[in-house]
Amino acid sequence: MKIYSDESKKNVKEFLTKSTQNQERISITTDLKRDYRQPITDLKFKHQFCIFHTKQKLNRDIHTYITQEKVDKKRNI
C-alpha cells in the first residue's frame with residue numbers, strides 16, 4: 001500500500017516487472033488474492049500459493065460453513 005494506492009492487476013504487473021527486471025523469473029509465492037494470478041501468468045512465473053494462507057482460508061471456509069448451521073452440531077462428524 002505504500003508503493004501503490006491499490007493492488008490492481010495493472011499495479012501488480014508493473015511492480016513485478018520493475019522489481020524483477022534483472023532477475024531470473026522462476027516462481028513467486030503469494031497469498032490467494034485473485035488480482036495476482038493474471039499478472040504472474042503474463043510474466044511467465046510459476047505461481048505458488050503460501051501454505052499458511054491456504055490453511056488459513058480453508059479454516060475460515062470450514063468455520064463459515066459450520067456457523068451457518070449447515071452442519072448438525074449434535075451429530076459426530
Side-chain angles (χ1 to χ4, degrees):
M1 296 306 275
K2 291 181 181 180
I3 297 172
Y4 292 98
S5 60
D6 66 353
E7 292 181 2
S8 68
K9 291 178 185 179
K10 177 183 176 268
N11 289 344
V12 170
K13 186 172 183 177
E14 183 179 307
F15 173 78
L16 290 175
T17 299
K18 287 180 180 180
S19 63
T20 63
Q21 65 186 357
N22 295 322
Q23 299 176 20
E24 185 177 2
R25 293 182 175 164
I26 299 172
S27 68
I28 291 182
T29 302
T30 67
D31 56 17
L32 303 172
K33 290 185 181 172
R34 292 190 182 275
D35 285 344
Y36 295 166
R37 294 178 188 183
Q38 193 59 51
I40 289 171
T41 299
D42 291 348
L43 294 170
K44 309 223 184 306
F45 282 100
K46 179 180 177 185
H47 190 188
Q48 302 171 328
F49 296 119
C50 171
I51 292 172
F52 172 80
H53 286 101
T54 302
K55 287 179 180 180
Q56 187 179 45
K57 181 174 180 355
L58 284 170
N59 284 328
R60 192 170 44 245
D61 290 350
I62 290 168
H63 181 269
T64 299
Y65 182 83
I66 290 170
T67 56
Q68 290 177 345
E69 299 193 35
K70 294 180 180 177
V71 174
D72 183 357
K73 294 177 184 174
K74 294 179 182 177
R75 187 174 157 199
N76 291 328
I77 297 177

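Distance check, rounded to the nearest 0.5 Å: CZ of R34 to CG of L32 gives 9.0 Å. Rounding to the nearest 0.5 Å places NE2 of H63 at 5.0 Å from OG1 of T67.
Residues satisfying the side-chain contact (heavy atoms from CB on, under 4.5 Å) test with N11, not counting sequence neighbours, are Y4, D6, S8. Under the rule for a side-chain contact (heavy atoms from CB on, under 4.5 Å), the partners of I28 that lie at least two apart in sequence or sit in another chain are L16, T30, I40, F45. For the ring pair (Phe, Tyr, Trp, His ring centres under 6.0 Å) test, residues two or more places apart in sequence or in another chain that qualify with H47 are F49. Residues passing the side chain to side chain donor-acceptor pair (under 3.5 Å) test with K33 are E7, sequence neighbours excluded.
Judged as a salt bridge (charged side-chain N to carboxylate O under 4.0 Å, His left out), the pairs with a partner in residues 51-61 (not counting sequence neighbours) are, in order, K57-D61. Listed by first and then second residue, the salt bridge (charged side-chain N to carboxylate O under 4.0 Å, His left out) pairs that reach into residues 40-54 are K13-D42, sequence neighbours excluded.
When the shell of 6.0 Å around CD1 of I51 is examined, it contains 12 or fewer heavy atoms from other residues, nucleotides or ligands.
For the residue pair Q23 and S19, the shortest heavy atom distance occurs at NE2-O, 3.5 Å. Minimum interatomic distance between D35 and P39 (heavy atoms only, all atoms of both residues): O-CD, 3.2 Å.
With a 4.5 Å cut-off on side-chain heavy atoms, T17 and R25 count as touching.
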